[in-house]
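See structure below.
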Amino acid sequence: MSGRLDAVLARRGEIMRRALGMDYAAFEQSPIAFDYEAMMTAHGYSLREIAAIQTRAGVGNTPLLELRNLTDLVRSVSAPGRGARLFVKDEAANPAGAFKDRRASISIHLAHEKGYAGVIAATSGNYGAAVSSQAARYGLKCIICQETFDSRHIGQPEILEKSRVCEAYGAEVVQMSVGPELFPLMLELLDETGYFAASLYSPFGVSGIETLGLEIAEEMTALTGAPPTHCVVTHAGGGNTTGTARGLKRAGATETQIVSVSVDLSGLHMASDADFNRKSFTTGHTGFGVPFATWPDRADVPRNAARSLRYMDRYLTVSQGEVFWATEAMSKIEGLERGPAGNTAIAGAISLARELPRAATVVVQETEYTGAGKHHWSQLNFAREMGVEVRAGDPAENVPGRVIVIPERVEQIRAKDMDLGRLRRSYVRHALKSVPAGYVPTDDDIAFLAADTKTDAATVEATIAELEEA
Amino acid sequence: MSASPMPSTPGSSPPRAALRCEIGDWVEVERILLKPEERAVGLPPETASKPLKMWVKGFAQGAADMGGEVTVETMSGRLVSGRLFAVNPGYFHTFGRPIPELARVGRDLRAQVAQYRATLAAGEGGVAGEGGVAGEGGVAGQGGSAGDGGAAGEKDGVR
C-alpha cells in the first residue's frame with residue numbers, strides 16, 4: 001500500500017475518536033471482551049427519547065400492512081395446516097425512502113448537538129440518501145463516499161440512482177472506482193473537514209433501528225394480540241438484524257424468532273473490478289452478510305455496534321432470481337412496488353411461511369423506495385448488458401454473476417438454511433486471531449464470546465478446543 | 001449505464017454536452033487518486049492493475065476545455081482539482097423494457113389466489129383438502145456454500 005494510505009491508517013484511532021466524539025477505550029475489558037451494553041447506551045437516550053427525535057425528524061411510525069394475497073398464495077401451495085400470515089413494515093414511507101432514515105436520524109441529531117459543521121458517511125446504499133436527507137433537515141453539510149463505477153466508468157443503475165438522490169438532497173458525492181481504499185480515503189476527508197463520522201456501525205446508528213423493532217411489537221400486538229412469532233430481516237452488515245432484534249426484545253417480544261436473509265452471491269469477489277457490475281444486488285447479500293456476521297469488528301469503527309450473531313435464530317439465503325420474482329409478485333398482487341432490499345426478506349418469508357403453521361405470524365420488517373435505476377427491471381436489463389444470462393426456470397440453477405434464473409412457480413421459492421454453527425465457529429476463530437500471541441481467554445472472555453454468538457460457555461470452550469487442535 | 005451512456009430507451013437521450021466550461025458552471029471532474037502501484041495489497045489482479053479514480057461535482061472556479069485541469073467548489077465547500085469530465089452532468093439511468101421472464105407473473109399469481117379462494121369458498125373439506133404438494137413444504141437443502149467475498153478485499157468464506 002502507498003505511503004499515503006499507510007500514513008492515514010496509522011492515525012485511524014485519533015481521527016475516528018474526534019470524528020465520532022467518543023472513545024471506545026472506555027468500554028474495552030480485555031483483548032477479546034468489551035462492555036457491549038454500556039457502549040450501546042453511552043449516548044444516554046432512552047428508546048422513547050430516540051423515538052421522539054425521529055418523530056421530530058419525520059422518521060418512523062411507518063404503516064404495518066398485512067399481505068393477505070401473498071399469504072393465500074403461499075397457503076395455496078402449503079401442506080394442510082401450514083402457511084403463516086405475512087405482514088410487512090412499509091419503511092419506504094420514511095422521508096428518504098428506507099429504514100436507513102432511522103439509522104441516520106440519531107447520528108445526524110448527535111452531530112448537530114455536538115456542534116459538528118457536517119457529516120461524512122461511506123456507503124453505496126440507501127444510507128447515503130438517509131444521511132443526506134437528515135443533514136439537509138438539520139442544516140449540516142454532507143459528504144457521501146461511494147464506490148460507484150468499475151474502471152470503465154460503468155456503474156450499476158441502482159448505485160447511479162443513489163448518487164443522484166444524495167445529490168438531490170444537497171450532498172457532495174465522492175464517487176470512486178472499485179476498491180477497499182474507500183475507507184482510508186474517507187479517513188482523509190474526515191481529517192481534512194473535521195466533520196462527524198456518521199458510521200453505519202456506531203451505537204448511534206444501530207440504536208436508531210431499535211424503534212423499528214419496538215413499533216413492530218406494538219403494532220402486531222394491537223393487530224393480532226401478540227408480537228410476531230417471526231421477524232424476517234434482510235441482512236448485510238448486521239445493523240438491520242441487530243437493531244430490529246434489540247428493539248423487539250426491549251419491547252418485551254422475547255419469543256419472536258429473528259430470521260436473517262441474504263441474497264446468495266457466493267463466488268463473486270467484493271473487491272473485483274470485473275465482478276463489480278455482475279452482482280445485480282448492492283446490499284443484502286452474502287458478500288457483506290457472512291464476513292460481517294463472522295467478524296463484525298472489520299467495520300470502520302473500533303467496535304461494531306452491529307453484532308448480528310448475538311440475535312440471529314436462523315440465517316437463510318435466497319437466489320437472485322427468487323428476489324426479482326418476489327419483487328414482481330409484491331407489485332402485482334399486493335400493490336406495493338418497492339425497491340430491492342426488502343424483497344430479499346420477502347423471498348425468504350415466502351419460503352419460511354410455507355413450513356410454519358397457519359397461526360404463525362411473520363413480519364418482513366422493511367421495504368424501500370424504488371424508481372428508475374433501483375427497479376428490478378433496471379437491474380435485469382443491466383445484468384443482460386453485462387453478459388449475465390437471464391432466463392426462467394428452476395432457481396436452484398441460479399449462478400451469481402453468470403445466470404439469473406427467474407422461478408416459474410411459487411413452489412420454487414426455497415430458501416436455504418445457512419449453518420449457524422459454522423458461522424459461530426468462524427467468529428470465534430476471528431476473535432482468537434485478533435489477540436496478542438500467547439493470550440489465554442479468561443472466563444469473562446468466554447462469557448463475552450458466548451453472548452456474542454448466542455451460545456453458552458460450554459459451546460465456546462468446545463469450539464476453542466477444536467480450533468486449537470486444528 | 002455509464003454517466004454518458006448510449007441510452008436504449010427512446011426519449012431519454014441526454015442533450016448534447018458542452019465541451020468547455022466557464023467560471024461558475026456546474027461541472028464534474030475526474031482525478032486519479034492512486035496509481036496501480038500505490039493501491040492496497042491483496043486486491044484481485046483485475047482491480048490491482050487499474051488506477052483508483054474519483055469523480056466529484058461542483059462549481060467551476062475557472063474556464064476549461066474537456067480534459068483540462070480545473071478546480072471546483074463542491075456542495076460542502078471543498079476545493080477539488082481534476083480534469084474536466086462533464087459540464088452540467090445529468091442522470092440517464094432508466095427502467096428499460098419489461099422483462100419477458102416476469103411478464104406472466106402477475107396474471108398467473110392473481111389467478112392462483114382467486115382459484116384458491118374459490119376452492120375455500122366451495123367449502124369442501126375446508127383447508128384440509130387444499131393446497132399444493134403435501135409434505136414438501138419445508139425449507140430445502142442445507143448449508144451449501146456459506147458465501148464468500150470479503151468487504152476489505154479478502155476472500156472470507158467460513159472455514
Side-chain angles (χ1 to χ4, degrees), chain A residues 1-2 69 72-73 76-80 82 118 141 143 151 153-155 157 160-161 164 170 172 174-181 266 268-274 286-287 290-291 328-329 332-333 351 354-355 372-373 375 377-378 380-382 392 406 414-419 422-423 426, chain B residues 1-3 33-34 38-41 43-44 46-47 50 52-56 74-77 91 93-99 101-102 105-106 109-110 112-113 116-117 127-128 130-135 137-153 155-156 158-159:
Chain A
M1 194 176 284
S2 69
N69 296 332
D72 275 357
L73 180 70
S76 77
V77 295
S78 298
R82 304 273 147 185
K141 290 178 175 171
I143 301 176
S151 56
H153 199 255
I154 294 177
L160 299 186
E161 163 56 16
R164 184 204 65 79
E172 171 188 334
V174 177
Q175 297 179 318
M176 292 191 203
S177 56
V178 177
E181 298 97 333
S266 50
L268 294 176
H269 196 299
M270 294 306 123
S272 165
D273 190 63
T286 51
V290 171
E328 182 74 12
K332 291 295 196 296
I333 69 169
S351 177
R354 248 185 107 188
E355 69 181 68
H375 199 265
W377 295 1
S378 309
L380 287 165
N381 281 317
F382 181 70
I406 312 277
R414 289 180 170 278
K416 290 182 180 160
D417 259 294
M418 205 175 265
D419 180 353
R422 289 176 67 199
L423 296 182
S426 174
Chain B
M1 278 296 159
S2 85
L33 291 179
L34 298 171
E38 296 171 325
R39 298 205 59 168
V41 290
L43 295 176
E46 69 271 23
T47 312
K50 311 284 191 328
L52 182 74
K53 290 185 186 171
M54 181 203 79
W55 298 266
V56 71
T74 68
M75 275 299 284
S76 74
Y91 307 96
H93 51 281
T94 177
F95 293 88
R97 297 183 190 282
I99 306 301
E101 291 79 3
L102 289 171
V105 169
L109 295 188
R110 285 180 178 195
Q112 190 172 340
V113 170
Y116 172 73
R117 287 178 179 160
V127 296
E130 183 46 49
V133 200
V139 165
Q142 249 310 320
S145 131
D148 54 19
K155 275 273 192 188
D156 197 323
V158 176
R159 288 172 286 267

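Below, chains carry the letters A, B, ... as their sequence lines are ordered, and counting in each starts from 1. Computed over heavy atoms, backbone and side chain alike; hydrogens, waters and symmetry mates excluded.
- Rounded to the nearest 0.5 Å, atoms CD1 (A/Ile143) and OG1 (B/Thr74) are 6.0 Å apart.
- In terms of heavy-atom pairs under 4.5 Å with chain A, the best-connected choice from B/Val105, B/Ile99, B/Val113, B/Val56 is B/Ile99.
- With a threshold of 4.5 angstrom between heavy atoms, A/Arg82 does not approach chain B through any atom at all.
- Expressed to the nearest 0.5 Å, how far CE of A/Met418 lies from OG1 of A/Thr286 amounts to 6.0 Å.
- Interface residue A/Leu73: backbone and side-chain heavy atoms are both found under 4.5 Å from chain B.
- B/Leu43 CG to A/Glu181 CD: the interatomic distance, rounded to the nearest 0.5 Å, is 5.5 Å.
- Of the listed residues (A/Lys141, A/Met176, A/Gln175), the greatest number of heavy-atom pairs within a distance under 4.5 Å of chain B belongs to A/Gln175.
- For A/Lys332, the parts sitting under 4.5 Å from any heavy atom of chain B are the backbone and the side chain alike.
- Using a 4.5 Å cut-off between heavy atoms, B/Lys50 contacts chain A through its side chain alone, with no backbone atom that close.
- No side-chain donor-acceptor contact under 3.5 Å links B/Thr94 to the backbone of A/Ala372.
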Could you give me the CA-CA distance, side-chain angles and deciding distance for B/Tyr91 and A/Glu161, then say whether side-chain contact (heavy atoms from CB on, under 4.5 Å) is met? CA-CA 8 Å; B/Tyr91 307 96; A/Glu161 163 56 16; over 6 Å; no
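- Side chains of A/Ser177 and B/Thr47 form no contact here, defined as non-hydrogen atoms less than 4.5 Å apart.
- Considering only heavy-atom pairs separated by less than 4.5 Å from chain B, the leading option among A/Ala274, A/Gly179, A/Ser272, A/Ala392 is A/Ser272.
- In terms of heavy-atom pairs under 4.5 angstrom with chain B, the leader among A/Ile333, A/Ile406, A/Asp273 is A/Asp273.
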